[in-house]
Trainee: 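One structure coming up, written as structure tokens, with questions to follow.
Quick caveat, the model's predicted, so the values are computed rather than measured. Proteins come first, then strands; the chains are lettered A, B, ... in the order of their sequence lines, and each starts at number 1.
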Amino acid sequence: MLPFKSKYPTSTPKVDQGIKVRGEAKYTDDIVMPGMLFAKTVRSSIAHGEILSIQKPKLPEGYYWVDHKDIKGENVVNIIFSDWPVFAEKKVNFIGEPIALIVGPNKGELDRLVNEVKIEYKEETPVFDFTESYIHKAFTKGDIASAKKKAVKVIEEEFSTGYQEQAYLEPQGLLVYYDEEHRVTCVGSVQCPWYVHRAVVRACAIPTEKVRVIQPAVGGAFGGKEHYPSLLAAQLATAMLKINKPIKMCFERPEDITFTTKRHPSKSKYIAYVDKDNNILGMDVQVKLNGGAYKGCSGVVLSRALIACVNVYNIPALNVAGDVYMTNTVPTAAFRGFGSPQTIFASEMFIHHVAKDLGVDPLELRMKYLVKEGDITTNSGKFHDPIILPALIEKAMEMSDYKRKIKEYSKPGCNKGIGMSFFLHGCGFTGSGESDIIKGKVKLIKDEKDIVHVYASSVDMGQGNKTTLKRIVAKNLDIPNEQVVFDNPDTSIIPDSGPTAASRTIIIVGFLMEKAAKNLKKIWKSGVRQEHIEPYVGPSYIKWDEETMQGDAYPSYAWGVNVVEVEFDPITYQIETKGVWSTYDVGRVVDERIAVGQADGGIVQGLGYGYMETMRCEKGRFRQRSLSDYIVPTAEDIPHMETAFIDNPFIYGADGAKGMGELTLVGGAPAIALAIENAIGKKVNDIPCNPEYIMELMKNGKN
Amino acid sequence: MAKIKFTLNHKKLEVEVDPSRRLLDFIREDMHLSGTKEGCGEGSCGACVVLMDGYSVNSCLIPMANVEGHEIITIDEFKNTKEFEVLYAAFSEEGGSQCGFCTPGMIIASQSLLSHNPHPSEEEIRAGLAGNLCRCTGYQAIIQAVKLASEIGGNLWDKK
């Protein structure tokens, strides 16, 4: 042992550090099988039109063409709304839409063959703007008509947010082969093994027990590997059924950046109705999301965006409406935060701008509308649990010296700025979805040697759940960590404990683990094989109506405050981040080292979203194709960060824990946008707040 | 094809290879050493970093012709060193590896930094690792791990 004292004395050593730090963890592209072939995608070069003819190149021996004609089942990717074809048949709806695969032994040869494919199209006029709504949702709260009538001031503003690319370090990849029991077996960089499983069953029309999904090491996901791998799996399984050999497809970075799903760009309009005493009587909120060519999961993303549309504020009356628009662009889908980063940015900026327009102190106005336990939620449900947001705010202000700095930096010409965002994140699936739709299960098997094996479909893609879930089991069985085994998920043996998404792993699956371990402990007999399956039973008081969007939107909420300090260069318009302070209520922290890691990584992704990460789509084609032009923060862009957690245990969470994966991202963008606003003295309404936009604001922006 | 002589992980090699073949592909595909990762293929992310004569280089940007006469060390060999042991302890303490895909590159880049600057400041560590992207940690745990390694490593990295 080396001589140092751990600063995380209560944390469990992370179980995967050894193989990861030594470079021994096997990711999809590290897996090599005898006789393995590779695949490359033939893609549409136009944004919208009909395929008239395809001229295939002459394929050398051992090379294969695979397209929609080879699909044995349904030609759709099984996503929440299944409208995305596995391979385009007649119509193509975005640049890069998959039309076929070419499969063969040599990657260089595959590149050559794909480039030789000639496709004749009948082009149709593509749609790129927000004109064709294909999903609409709306709800109201309180009496918005009377709020409008009583208002003496009406303040209206518009906001926009850009694309964000997940930029996981390991690009998408999947390998398909027959295992020893002749099951169609997918090994890949996936977040949700059972999603992939169902996608293969549906596209290939094979029985569920003839499909198997195994998770190798996953090099980051952030939502990007929630649904997209289902497309790859359906394609590769179709190819494998035809060719009968193992086939691997790993994307290179340009292919990954240009053709895989990303965060929905948004435009929103906020209108505040204010009386003569500067009370906000109500708000109108309209949110528009760009869904791309296919709906996929966009309906659920819109739900989350709308539910979060006034963030942590109790606005007495609301009229909320939102649409997802079809455009002939790459479909947008899940990304950490799932709709809420867009509206939390807009609502945090809006309430500041309203305060400025009214000539009142923004902090005072925000504090006045802060939600409290027992308050009515945006969707007319109830905040059932204690809310400790004021304590989080107090602590964050103290850590950052916010009050002194905001005063000092608000003086013109100092080119420094500080911004503070408040935010919440609903944990788990919407409403009672966990109890009614997902119905997650976990299984514990104790073998004859009293070793406990954890069976769950939660994927460790870096967030550390192999360590935390194992710890929860060991703790509740009162046995050492070493007596618990948690291997990567394999659908041939694990139950469906739901997807690794929606910040649900600790609050839902962890809670199940805790209950399962407690129940196993009750029946524990040493030296005997025992098995226990635990189904999810959520809080019965959570009621939600998906149609009307009324009721309790989530079983619980996690809360946070981010403070960011910046310095602005008035010559280059560059922003330098000088300080980051965060406080969070995640219920109770399961493992401090891992929680701090989530907090640090989440906010940096949120900051990138707010001021740096720029992706433009012109006529259906992304201008950014690589990590040299899609810029994410490096170690030099980020200062030292400080994070504090305040306990507020949740009764239905593992040892009181709530979710935290997404929470740590959603406040980053408004915090840095507010800091920039403070530094430049101009209102920020759009992100990314990059130097080009700042230059525009300095010329034409509003004070 | 060309004959290239160089040292890989302390073994002297003489190989017949396309001189434009990327060192990364030679390491991963020809030598079956999978510790070195490919994240971007154009020198932006640092996942493929290896040591070339003790300096970190992006192996995706190095054609085999350019390794003639040089000494290459990958994570697969570096993991057997005392310096690695210290970096490993420090990364484990700080939680420096989350998804792990950037980690081998980060370890190699840290070694390159510490062997040329055994006691770097935080700013110097940030500059030293600026060529290695990480999307999980926000860098803080990695920066602190390198700082901790330089402290607990004693004079391990000091010039002998």
Trainee: Counting N and O atoms only, with roles assigned by atom type, does the side chain of B/Y139 sit under 3.5 Å from a partner on the main chain of A/P633, one being a donor and the other an acceptor?
Mentor: yes

Trainee: Look at B/I142, B/N132, B/L133, B/I143 and state which one has the largest set of heavy-atom pairs under 4.5 Å with chain A.
Mentor: B/L133

Trainee: Indicate whether any N or O donor in one side chain lies under 3.5 Å from an N or O acceptor in the other, for A/D600 and B/T137.
Mentor: no

Trainee: Is there side-chain contact between A/D29 and A/K248, with heavy atoms separated by less than 4.5 Å?
Mentor: yes

Trainee: Determine whether a donor-acceptor pair (N or O, by modelled atom type, separation under 3.5 Å) exists between the side chain of A/Q624 and the backbone of A/I631.
Mentor: no

Trainee: In terms of heavy-atom proximity below 4.5 Å to chain A, should B/F78 be classed as side chain, backbone, both, or neither?
Mentor: neither

Trainee: Between A/F251 and A/F259 (judged by ring centroids, cut-off 6.0 Å), do the two rings come close enough to count as a pair?
Mentor: no

Trainee: In terms of heavy-atom proximity below 4.5 Å to chain B, should A/K107 be classed as side chain, backbone, both, or neither?
Mentor: side chain

Trainee: I'd like to verify something: which residue of B/A47, B/G128, B/A127, B/G131 has the highest number of heavy-atom pairs under 4.5 Å with chain A?
Mentor: B/A127

Trainee: Please state whether the side chain, the backbone, both or neither of A/M641 comes within less than 4.5 Å of a heavy atom of chain B.
Mentor: both

Trainee: Identify which of B/K79, B/Q140, B/M106, B/E94 forms the greatest number of heavy-atom pairs closer than 4.5 Å to chain A.
Mentor: B/Q140

Trainee: When only pairs under 4.5 Å are counted, which of A/Q598, A/K14, A/R22 shares the most heavy-atom pairs with chain B?
Mentor: A/R22

Trainee: Under a 4.5 Å heavy-atom cut-off, does chain B meet the side chain of A/V218, its backbone, both or neither?
Mentor: backbone

Trainee: Going by distance alone, is a donor N or O of one side chain under 3.5 Å from an acceptor N or O of the other, for B/T7 and B/K12?
Mentor: no

Trainee: Is there any salt bridge (Lys or Arg N to Asp or Glu O under 4.0 Å) pair reaching into residues 119-146 of chain B, and which pairs are they, with sequence neighbours excluded?
Mentor: A/E613-B/R135, B/E122-B/R126

Trainee: What part of A/K26 gets within 4.5 angstrom of chain B, counting heavy atoms only: side chain, backbone, both, or neither?
Mentor: side chain

Trainee: Are the side chains of A/S582 and A/V563 in touch, meaning some heavy atoms are under 4.5 Å apart?
Mentor: no

Trainee: Answer yes or no: is there a side-chain heavy-atom contact under 4.5 Å between A/L174 and A/V187?
Mentor: no

Trainee: Do you know which of A/P13, A/C250, A/G18, A/A599 has the most heavy-atom pairs with chain B at a distance under 4.5 angstrom?
Mentor: A/G18

Trainee: Is there a donor in the side chain of A/S503 and an acceptor in the side chain of A/E662, or the other way round, less than 3.5 Å apart?
Mentor: yes

Trainee: Strictly less than 4.5 Å between heavy atoms, which residues of residues 23-46 of chain B line up against chain A? Please order them by number.
Mentor: B/R28, B/E29, B/S34, B/G35, B/K37, B/E38, B/G39, B/C40, B/E42, B/S44, B/C45

Trainee: Checking the side chain of B/E71 only, and the main-chain atoms of B/D53 only, is there a donor and an acceptor separated by less than 3.5 Å?
Mentor: no

Trainee: So what's closer than 4.5 Å to chain B heavy atoms on A/E170: side chain, backbone, both or neither?
Mentor: both

Trainee: In terms of heavy-atom pairs under 4.5 Å, which option from A/S11, A/A635, A/G23, A/G601 contacts chain B the most?
Mentor: A/A635

Trainee: Looking only at heavy atoms and a cut-off of under 4.5 Å, which of A/S626, A/G602, A/A221, A/P171 has the most pairs with chain B?
Mentor: A/S626

Trainee: Between A/F222 and A/M461, is there a side-chain heavy-atom distance shorter than 4.5 Å?
Mentor: no

Trainee: With side chains defined as the heavy atoms from C-beta onward, is the minimum distance between B/L114 and B/L87 less than 4.5 Å?
Mentor: yes

Trainee: Who wins among B/A130, B/C136, B/C102, B/C99 for the most heavy-atom pairs under 4.5 Å with chain A?
Mentor: B/C99

Trainee: Using non-hydrogen atoms only, which part of A/A25 is less than 4.5 Å away from chain B: side chain, backbone, both, or neither?
Mentor: backbone

Trainee: So does B/K3 get a backbone contact from the side chain of B/K5, meaning a donor-acceptor N/O pair under 3.5 Å?
Mentor: no

Trainee: Side chain, backbone, both or neither: which part of A/D256 has a heavy atom under 4.5 Å from chain B?
Mentor: neither

